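Keep in mind that this is a model prediction, so the values were computed, not measured.
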Amino acid sequence: MPHIILRTSQNLPVALDVENVLTQLVAALASCETIDSAAIKAYYQNVRVWVMGEGAPQGFAHCEVSLLNGRDVTLRQEISTKIFRVMEWAFGDLETVGITVEIREMDRETYRKT
């Protein structure tokens, strides 16, 4: 079930090996307790239109990880740290890119899958 969504602004100044970055993000998440590697879905969205506030970096790399609710904050912090390390590895050399990670909890009672 966990979903990893990597979003980047289209203006990144380097050629991005998206498949490799997604593979590294999946591996980082799968290394965490209670995460079933076979259930992880990772995908990429290149954002063509965006606006940044005054003084912000010119572009962004954002990773959102959605998990079913119920995991304690310590585990969610571990997941955030591991995902952020991959994001720094992939985008850390780019001074004009803001890097962010968000861990979202999905309601176990209303999430459906087949």
Side-chain angles (χ1 to χ4, degrees):
M1 183 310 304
H3 290 263
I4 299 172
I5 305 168
L6 173 61
R7 291 185 186 97
T8 62
S9 54
Q10 190 174 24
N11 69 331
L12 292 185
V14 296
L16 177 62
D17 183 353
V18 174
E19 188 173 346
N20 187 33
V21 175
L22 290 176
T23 298
Q24 298 303 317
L25 290 167
V26 167
L29 182 57
S31 73
C32 296
E33 184 180 324
T34 77
I35 302 296
D36 176 9
S37 178
I40 299 171
K41 298 159 193 73
Y43 39 99
Y44 173 72
Q45 297 172 337
N46 185 266
V47 179
R48 294 172 42 140
V49 178
W50 72 96
V51 175
M52 305 292 280
E54 186 176 332
Q58 297 172 1
F60 65 88
H62 177 72
C63 187
E64 175 184 313
V65 179
S66 296
L67 308 165
L68 287 178
N69 61 348
R71 291 176 173 88
D72 66 37
V73 70
T74 303
L75 179 57
R76 294 192 318 267
Q77 288 171 333
E78 176 189 347
I79 292 168
S80 177
T81 297
K82 287 183 176 186
I83 295 295
F84 194 76
R85 285 182 187 145
V86 174
M87 294 291 286
E88 285 184 316
W89 164 79
F91 305 103
D93 291 340
L94 307 176
E95 293 179 16
T96 59
V97 175
I99 300 171
T100 55
V101 170
E102 177 182 12
I103 307 300
R104 289 184 173 228
E105 290 189 290
M106 299 187 309
D107 188 3
R108 189 175 297 274
E109 290 75 27
T110 59
Y111 181 77
R112 299 290 180 259
K113 76 175 196 174
T114 59

Heavy-atom pair of closest approach, residues [X] and [Y]:
X	Y	answer
Ala28	Lys82	O-CD, 3.8 Å
Asn11	Gly59	OD1-CA, 3.6 Å
Leu12	Leu16	CD1-CD2, 4.4 Å
Phe60	Val97	C-CG1, 3.6 Å

Within this structure, what is the [atom1]-[atom2] distance for the pair [X] and [Y], rounded to the nearest 0.5 Å?
X	Y	atom1	atom2	answer
Asp72	Thr34	CG	OG1	8.5 Å
Ile83	Leu6	CD1	CG	10.0 Å
Met87	Ser80	CE	OG	10.5 Å
Leu25	Arg85	CG	CZ	13.5 Å
Glu64	Ile5	CD	CD1	4.5 Å
Met1	Leu67	CE	CG	5.5 Å

Does atom CZ of Arg108 have more than 12 heavy-atom neighbours, drawn from other residues, nucleotides or ligands, at distances under 6.0 Å? yes
Is it the case that atom CD in Glu109 sees more than 12 heavy atoms from other parts of the structure closer than 6.0 Å?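 It does: Glu109 CD has more than 12 such atoms within range.
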Could you check whether Arg48 and Gln10, counting side-chain N and O atoms only, form a donor-acceptor pair closer than 3.5 Å?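 Their side chains do not contain a donor-acceptor pair, so the 3.5 Å distance test is not met.
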Listed partners of Asp93 passing side-chain contact (heavy atoms from CB on, under 4.5 Å), at least two apart: none
Leu22 reachable from Trp89 in the ILVMFWY side-chain graph, under 4.5 Å edges: yes
Please determine whether residues Ile79 and Leu68 belong to a single hydrophobic cluster, defined as Ile, Leu, Val, Met, Phe, Trp and Tyr linked transitively by side-chain heavy-atom distances below 4.5 Å. no
Flag the pair [X] / [Y] as yes when at least one side-chain heavy-atom distance between them is below 4.5 Å, and no otherwise.
X	Y	value
Tyr44	Glu19	no
Arg71	Ile35	yes
Thr8	Val18	no

Please output the side-chain donor-acceptor pairs of residues 50-58 that fall under 3.5 Å, not counting sequence neighbours, one pair per line with the distance.
residue : atom : partner : partner atom : Å
Trp50   : NE1  : Gln58   : O            : 3.3

